[in-house]
Amino acid sequence: VQLQASGGGLVQAGGSLRLSCAAAGRTLSDYLMGWFRQAPGKEREFVAAVGRLGVNTYYADSVKGRFTISRDNAKNTVHLQMSSLKPDDTAVYYCAADETRAAIRTTPRFWGQGTQVTVSS
């Protein structure tokens with residue numbers, strides 16, 4: 001499956017952004033989907049994941065209550081709605097896909113290219 005992330009940009013602290021990830025090549029419902037991020041000088045970290053049907057969601061503690069992951073299998077897209085953004089949320093955000101729950105939060109098999117999110121103070 002090929003993944004294409006979009007929607008990044010520059011936003012002030014407290015603002016919102018919505019990231020999107022479009023999938024091609026396979027049916028999106030075959031996969032659990034996730035978002036990761038990597039800030040400068042830091043390791044890539046898990047942000048959020050969603051199950052195949054969009055019912056089960058998982059979040060890193062650092063974004064819980066501020067970010068919402070969702071999916072539209074009919075449109076082969078996944079979204080990450082980010083609110084109450086903080087400067088610490090500044091990072092390159094990557095969407096990812098995997099067939100297993102164990103891997104989607106750690107080492108997903110498929111990755112999209114990143115999209116830059118910059119939060120100014």
Open item on the list: Tell me whether T90 contacts the main-chain N or O of V119 through its side chain, where contact means a donor paired with an acceptor under 3.5 Å.
Closed with: yes

Open item on the list: Tell me whether K42 at atom NZ has more than 12 heavy atoms from other residues, nucleotides or ligands lying less than 6.0 Å away.
Closed with: no

Open item on the list: Applying side chain to side chain contact (heavy atoms under 4.5 Å, CB included) to F36 and E43, what does each step give before you reach the verdict?
Closed with: CA-CA 10 Å; F36 287 69; E43 293 187 352; over 6 Å; no

Task: Nearest-0.5 Å distance, CZ of residue F46 to CZ of residue R105 - done: 6.0 Å

Open item on the list: Any salt bridge linking K86 with D89? Criterion: basic side-chain nitrogen under 4.0 Å from a carboxylate oxygen.
Closed with: no

Task: D98 (side chain) donor-acceptor with R109 (main chain) under 3.5 angstrom - done: yes

- [ ] Evaluate the side-chain hydrogen bond (donor to acceptor under 3.5 Å, both in side chains) criterion for residues R26 and Y31: first the C-alpha distance (whole Å), next the side-chain angles of each, then the deciding distance (0.1 Å), finally the verdict.
- [x] CA-CA 9 Å; R26 287 283 301 271; Y31 301 96; 3.2 Å; yes

- [ ] Without swapping roles, check the side chain of R52 against the backbone of D30 for a donor-acceptor pair under 3.5 Å.
- [x] yes

Open item on the list: Using modelled atom types and a 3.5 Å cut-off, is there a donor and acceptor pairing between side-chain atoms of Q113 and backbone atoms of A5?
Closed with: yes

Open item on the list: Would a single hydrophobic cluster contain both V1 and Y93, if residues Ile, Leu, Val, Met, Phe, Trp and Tyr are joined by side-chain heavy-atom contacts under 4.5 Å?
Closed with: yes

Task: W35 CH2 to L19 CG distance, which is reported to the nearest 0.5 Å - done: 4.5 Å

TODO: Begin from the C-alpha positions of S6 and Q4 and carry the test side chain to side chain contact (heavy atoms under 4.5 Å, CB included) through to its verdict.
DONE: CA-CA 7 Å; S6 62; Q4 177 92 21; 5.7 Å; no

- [ ] Supply the atom-to-atom distance C21 SG to N76 CG, rounded to the nearest 0.5 angstrom.
- [x] 10.0 Å

Task: Between CG on residue D88 and CZ on residue R37, distance to nearest 0.5 Å - done: 8.0 Å

Task: Closest non-hydrogen atom pair, A23 against L3 - done: CB-CD2, 3.8 Å

Task: Parallel, tilted or perpendicular: ring planes of W111 versus Y94, cut at 30 and 60 degrees - done: perpendicular

Task: Side-chain donor/acceptor of Y59 to backbone N/O of I69, under 3.5 Å - done: yes

